[in-house]
Amino acid sequence: MSAPELLAFDREHLWHPYTSMHDPTPTQLVTGASGSRIALDGVGEVVDGMASWWSAIHGYRHPVLDDALRRQTGEFAHVMFGGLTHEPAVELARRLIELTPDGLDRVFLADSGSVSVEVAMKMALQYQRGAGRPERTRFLTVRGGYHGDTFDCMSVCDPDGGMHSMWSGVLPEQVFGERPPALGGDVAGWAAGFRALAAEHAGRVAGLIVEPLLQGAGGMHPYPAECLRVFREVADEHGLVLIFDEIATGFGRTGTLFASEAGEVSPDVLCLGKALTGGYLTLAATLCTGEVAHGISSSDSGVLMHGPTFMGNPLACAVASASLDLLATGRWEEDVRRINTGLQALHDLDAAEVRVLGAVGVVRLDHPVDVAKASEAALQAGAWLRPFRDLIYTMPPYVCSDEDVATLCAGIAAAVEAG
Ligand SMILES: *Cc1c(COP(=O)(O)O)cnc(C)c1O
């Protein structure tokens with residue numbers, strides 16, 4: 001099929017994320033991707049400001065990742081994980097245990113971020129049952145969060161501003177605290193309210209689930225690291241399982257390898273995804289402590305009741321281990337700092353608010369963005385961006401050169417102007 005035929009078929013028959021079949025937003029045809037760039041039909045090469053939804057941290061067609069995938073393809077692509085295991089899964093688990101915060105040494109390999117959050121929530125519920133507290137069936141969280149699109153995940157997403165408000169009445173009702181303050185905001189005031197809410201509902205709550213340090217798809221909202229210690233204290237005080245969803249923040253994005261490190265806090269359960277495979281394949285992981293694992297095994301069933309068909313997919317595990325080896329060189333730290341410096345230029349824009357944290361740059365307008373217009377203006381400036389609500393932002397691959405970062409800033413400026 002020619003490019004126009006491909007696009008016409010796509011428009012008629014394919015769902016894209018969060019779009020209408022009647023009136024879809026324009027879709028670009030990708031013809032290639034290499035390093036920090038993607039090639040678009042009729043446009044040419046542009047700098048990828050989105051890193052394929054924050055996952056392609058090492059860029060596209062990285063020789064080390066390509067090679068890991070090719071080698072595993074030559075062995076075997078997939079086997080079931082029930083009753084079988086393999087070196088790629090064991091090697092990945094070993095690396096994850098070594099890299100993640102202290103105490104997290106049991107690993108569940110899931111096939112997407114949402115599934116890893118479902119598993120984390122199930123872990124908390126089964127742990128409480130094992131502890132003789134089956135009445136604890138709710139979750140405590142904060143407003144403004146995003147944890148995925150499956151139903152339990154949606155139930156802990158922002159109940160008002162988020163994309164799931166249409167499901168109120170269908171979803172389990174969870175307990176929502178105020179969103180943590182912005183950087184430099186009143187942590188003590190927020191913490192007092194959050195502690196009071198936790199005390200009021202604790203008897204029915206199994207776990208506390210949050211995105212540490214940066215709320216992503218719920219509004220690109222960075223908040224002070226001190227809040228992480230408040231979450232840990234509240235969980236300890238009331239016997240809640242503390243779940244950190246680092247699917248967006250994990251693997252260096254906010255400036256530390258894991259966002260939880262900024263608050264020197266270890267959760268009881270940790271969700272990883274997105275950048276886990278360097279953006280090559282879908283894979284996620286839920287890590288928990290021995291205590292949580294032991295509690296689950298003391299529940300009625302004695303087992304963790306979950307097991308996806310493609311659990312521990314060897315291709316995905318092999319490429320994930322190769323991505324972690326690239327991170328282990330420490331080069332990412334310098335790259336993230338360098339990108340952070342380049343993104344400071346966003347502060348010169350005329351916008352309602354600018355937020356820069358690690359390799360994340362966010363510009364908030366005082367009105368909803370015209371996504372089609374803003375994206376088109378960014379493309380003309382050489383950048384691929386995907387704004388949402390009133391936000392134009394970038395989370396680029398760490399391999400972006402200083403010139404690429406300047407292009408992204410120019411793209412954001414053009415999008416602000418147009419959108
Ligand atoms: C993207 C994301 C998810 C969902 O992951 P999927 O792989 O899209 O299912 C969950 N939590 C956070 C914080 C995310 O950013």
Side-chain angles (χ1 to χ4, degrees), residues 15-19 50-57 100 108-124 139 141-159 161-164 167 171 174 179-180 207-223 227-228 231 242-254 258-260 262 267 269-287 306 308-313 316 319-320 323 357-360 362 386 388-389 391 393-395:
W15 291 110
H16 283 266
Y18 318 112
T19 55
M50 307 304 295
S52 284
W53 268 340
W54 330 340
S55 63
I57 52 176
T100 52
F108 188 100
L109 296 169
D111 43 5
S112 78
S114 300
V115 171
S116 78
V117 172
E118 294 279 346
V119 169
M121 293 173 77
K122 205 180 264 191
M123 282 178 172
F139 284 84
T141 184
V142 289
R143 288 176 181 273
Y146 176 79
H147 298 283
D149 291 347
T150 58
F151 276 82
D152 273 324
C153 296
M154 284 199 291
S155 77
V156 285
C157 288
D158 187 45
M163 51 186 106
H164 304 308
W167 290 111
L171 297 173
Q174 313 294 14
R179 160 176 261 181
L208 165 53
I209 178 167
V210 289
E211 296 156 277
L213 209 61
L214 171 72
Q215 292 183 310
M220 307 303 291
H221 174 75
Y223 62 88
C227 300
L228 304 184
F231 291 135
L242 179 62
I243 303 169
F244 278 174
D245 176 352
E246 292 226 26
I247 292 170
T249 54
F251 308 111
R253 181 57 67 180
T254 62
F258 297 98
S260 51
V269 176
L270 175 70
C271 297
L272 299 172
K274 287 200 163 85
L276 175 58
T277 63
Y280 270 54
L281 284 165
T282 177
L283 183 71
T286 312
L287 282 83
H306 215 96
T309 306
F310 287 97
M311 186 167 178
N313 175 258
V319 77
S323 173
L357 173 74
V360 183
V362 185
R386 183 82 181 159
F388 70 106
R389 285 199 249 155
L391 303 170
Y393 75 98
T394 181
M395 288 174 81

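All ligand and atom numbering here is 1-based and tracks the order in the structure.
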Sub-4.0 Å atoms of ligand 1 with respect to non-hydrogen atoms of [X]:
X	result
His147	10 (C), 11 (N)
Ser114	4 (C), 5 (O), 6 (P), 9 (O)
Gly148	4 (C), 10 (C)

- Taking it one step at a time, do Ser323 and Thr277 satisfy side chain to side chain contact (heavy atoms under 4.5 Å, CB included)? CA-CA 6 Å; Ser323 173; Thr277 63; 6.0 Å; no

Heavy-atom nearest neighbour in the protein, as seen from [atom], with distance rounded to 0.1 Å:
atom	answer
atom 12 (C) of ligand 1	Asp245 OD2, 3.4 Å
atom 14 (C) of ligand 1	Lys274 NZ, 3.0 Å
atom 7 (O) of ligand 1	Gly113 N, 2.8 Å

- Message: Under the criterion side chain to side chain contact (heavy atoms under 4.5 Å, CB included), I'd like the reasoning laid out for Ile209 against Val117: C-alpha separation, chi angles, the key distance, then a yes or no.
- Response: CA-CA 9 Å; Ile209 178 167; Val117 172; 3.9 Å; yes

- Task: Under 4.0 Å, heavy atoms only, figure out whether ligand 1 is touched by the backbone of Trp53, its side chain, both or neither.
- Result: neither

- With heavy atoms under 4.0 Å as the rule, classify the contact between Glu246 and ligand 1 as side chain, backbone, both or neither. neither

- Below 3.5 angstrom, do we get any N/O pair linking Ile247 and ligand 1? no

Is [X] reaching over with its side chain to a backbone N or O of [Y], donor-acceptor style, under 3.5 angstrom?
X	Y	result
Arg389	Gly218	yes
His147	Ser155	no
Glu211	Gly216	yes

- Nearest heavy atoms of Ala51 and Met395, plus distance in Å: CB-O, 3.3 Å

- Over all heavy atoms of both residues, which pair between Ala284 and Ser112 is shortest? Give the atoms and the distance, please. CB-O, 3.3 Å

